[in-house]
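Down below is the structure, laid out as structure tokens.
All residue numbers refer to positions in the sequence shown, counting from 1. For ligands, and for the atoms within them, numbers begin at 1 and follow the listed sequence. Note that the structure is predicted; figures quoted are calculated from it, not measured.
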Amino acid sequence: MSAVVIIGAQWGDEGKGKIVDIYTESADVVVRFAGGPNAGHTLVVGDQKIIVRLVPSGILRPTSRCVMAQGMVIDPGVLVEEIDALEARGYATSGRLFVSDLAHLILPYHRLIDGLREAAADAGTKIGTTKRGIGPCYEDKAARRGIRVGDLADLAGLEQKLVRASAAWAPVVRGLGGEMPEVGAMMAELGALAPRLLPLVADTSALVDEAVKAGKRVLFEGAQGTLLDLDHGTYPFVTSSSAIAGGACVGAGVGPTRIKRVLGITKGYATRVGEGPFPTELRDELGERLRVAGGEFGSVTGRPRRTGWIDLPALRYVARVNGLDGLAVTKLDVLSGLSEIQVCVAYETPEGRTTEFPVRHLGSAKPIYESHPGWSESLSSARTLEDLPAAARAYLRYLEETIGVPVFLASVGPRREETIALRDAFG
Ligand code: GDP
Ligand code: IMO
Ligand code: MG
């Protein structure tokens with residue numbers, strides 16, 4: 001068996017794009033299984049920076065097939081734009097990009113409602129979504145009135161569904177002071193996009209199953225992060241899909257027995273974009289320093305990311321709900337120049353001290369820190385553990401021991417080569 005799931009172990013933007021791109025060098029199939037264009041996965045190759053939102057990060061490696069499975073929500077306009085941008089940069093997608101007919105379509109009213117709701121929400125209820133229509137699209141899926149990629153093959157039937165869905169949302173849109181998009185205009189847009197999407201349609205669950213059975217190397221590319229997971233994240237400040245490793249089975253239609261290994265990605269510190277609890281957040285100059293040094297601005301929305309220290313109770317919780325076999329630690333280079341690095345090791349709660357992540361009571365929990373010596377050297381030219389200063393090596397070893405999960409890879413810069421590979425993901 002050679003199926004590996006890679007997920008975000010924090011609040012997203014851990015560097016999944018970079019790590020998936022690295023492991024794709026030896027992968028045959030790369031599968032996105034959850035989320036949609038709320039994701040922004042950055043790939044840096046030479047002097048080119050490419051941000052993919054829907055297309056799997058495997059697209060840069062010409063020998064990999066890329067699959068967008070039914071757990072995703074797909075904005076057809078964004079997908080076509082993304083494909084065109086990739087083609088324009090010389091990355092061929094034809095014949096190697098497959099989209100599930102069962103994936104749900106993000107439609108103009110989903111984006112509209114997402115934006116209107118965020119604008120109407122007050123400080124306590126605002127989620128800080130990416131306004132890409134993710135929540136309302138998954139709501140339609142759960143309400144069993146969603147419109148799927150496969151519906152593009154029958155435009156008359158699609159129109160009837162669009163009329164029904166529009167009727168359901170119209171009062172909501174009116175209540176928020178908006179105006180529902182015209183069905184005619186939406187049909188014209190979908191009619192024009194259909195010929196671009198339909199040739200990509202495949203039974204992706206069968207495709208992935210065949211690849212796994214044939215012993216091919218299959219990589220499942222998580223989106224968002226575990227603490228944004230609908231069931232296991234910091235609800236209600238979460239996204240609307242399953243970002244955890246189990247989501248790969250649900251969203252791609254593969255059995256859990258087919259998965260060989262689960263890897264989680266964490267930065268050497270922590271970030272969050274959007275609202276919601278972030279106990280180790282630094283709201284001071286140090287936080288700003290991490291933001292600038294790490295280039296912590298959203299790849300989709302450009303919003304400044306909130307920054308803070310790494311949270312060990314959270315990472316142990318994340319290791320548990322994902323069954324992590326390994327970690328990739330990214331952005332270690334960003335910590336260079338700090339005289340000390342704080343690490344949250346436990347929480348003070350009204351019930352006393354705990355080393356568990358108090359996911360249910362984060363509002364009343366206070367992080368307890370331990371200080372670690374920092375290092376002054378730049379790390380970007382390190383390619384082996386021995387190239388790292390002793391303090392950086394000790395920090396990695398400490399994370400491994402206290403989280404209880406071995407480090408498979410350390411990343412010291414955005415580029416492919418700025419990587420210290422320690423263990424083989426598929427080995
Ligand atoms: P993703 O959503 O998990 O794929 O992460 P994003 O692409 O949204 O954000 C991660 C950012 O950090 C991107 O700009 C990457 O190019 C960059 N990055 C990834 N790994 C490293 C690293 O080890 N060091 C530095 N300095 N930047 C990194
Ligand atoms: P990648 O895959 C970081 C956050 C939003 C908001 C919450 C809900 O690049 O790591 P949504 O638009 O999904 O309804 O927003 O989730 N969020 C992300 N934060 N990285 C992401 O994706 C995210 N996708 C959603 O900021 O707090
Ligand atoms: Mg991102």
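Tyr395 and Gly268 make their closest contact through OH-O, 2.7 Å (heavy atoms, listed as atom of the first residue, atom of the second, distance). Residues Asp231 and Asp229 come closest through the heavy atom pair N-OD2, 2.8 Å.
Of all atoms in ligand 2, listed by their number and element, those nearer than 4.0 Å to a heavy atom of Trp11 are 3 (C), 19 (N). Near Ala39, meaning under 4.0 Å from one of its heavy atoms, ligand 2 places the atoms 1 (P), 2 (O), 9 (O), 22 (O). Close approach of ligand 2 to Ala223 (heavy-atom distance below 4.0 Å) involves ligand atoms 2 (O). Close approach of ligand 2 to Gly274 is summarised as follows: ligand atoms under 4.0 Å from at least one heavy atom of the residue are 27 (O). Interface of Thr129 with ligand 2, defined as ligand atoms under 4.0 Å from a residue heavy atom, comprises 6 (C), 11 (P), 12 (O), 14 (O), 15 (O).
By heavy-atom distance, the residue among Arg132, Lys131, Gln224 lying nearest atom 23 (C) of ligand 2 is Gln224. Among Lys331, Lys16, Glu418, the residue whose heavy atom lies nearest to atom 12 (O) of ligand 1 is Lys331. By heavy-atom distance, the residue among Leu332, Leu379, Thr42 lying nearest atom 14 (O) of ligand 1 is Thr42. If you check each of Lys16, Glu275, Gln10 against atom 10 (O) of ligand 2, the one with the closest non-hydrogen atom is Lys16.
Between Tyr398 and His372, the two ring planes are tilted [angle within 30° to 60°].
The shortest separation from a heavy atom of Gly40 to ligand 2 is under 4.0 Å, placing the residue in contact. Close to ligand 1: Gly413, with a non-hydrogen atom less than 4.0 angstrom away.
Within the 4.0 Å heavy-atom criterion, the part of Leu228 lying near ligand 2 is the side chain and not the backbone. Looking at Ile265 against ligand 1, nothing comes within 4.0 Å, counting heavy atoms. Looking at Arg303 against ligand 2, only its side chain comes within 4.0 Å, counting heavy atoms. At a 4.0 Å heavy-atom cut-off, ligand 2 does not touch Arg272 at all.
From the protein, the heavy atom lying nearest to atom 12 (O) of ligand 2 is Thr130 OG1, 2.6 Å. When hydrogens are left out, the protein atom nearest atom 13 (O) of ligand 2 is Thr239 OG1, 2.6 Å; that is the closest non-hydrogen contact. Annotation: atom 27 (O) of ligand 2 to nearest protein heavy atom, Val273 O, 3.2 Å. For atom 4 (O) of ligand 1, the nearest non-hydrogen atom of the protein is Gly17 N, 2.8 Å. The protein non-hydrogen atom at the shortest distance from atom 10 (C) of ligand 1 is Asp13 O, 3.7 Å. Nearest protein neighbour of atom 9 (O) of ligand 1, counting heavy atoms only, is Arg305 NH2, 3.5 Å. When hydrogens are left out, the protein atom nearest atom 7 (C) of ligand 2 is Val238 O, 4.0 Å; that is the closest non-hydrogen contact. Shortest contact from atom 6 (C) of ligand 2 to any protein heavy atom: Gly128 O, 3.2 Å.
Within the 4.5 Å cutoff, side-chain heavy atoms of Arg53 are placed close to those of Val78. Using a 4.5 Å heavy-atom cutoff, the side chains of Val172 and Tyr109 are not in contact.
Looking at Asp13 next to ligand 2, an N or O pair under 3.5 Å apart turns up. For a threshold of 3.5 Å applied to N or O pairs, the pair formed by Glu14 and ligand 2 contains no separation below that value.
Separation of atoms SG (Cys249) and CD1 (Ile259) is listed at 4.5 Å; rounding is to 0.5 Å.
A donor-acceptor contact under 3.5 angstrom links the side chains of Thr419 and Lys18, judged on distance only.
With the Mg ion (ligand 3) as the vertex, OD1 (Asp13) and O (Gly40) define an angle of 160°, rounded to 10°.
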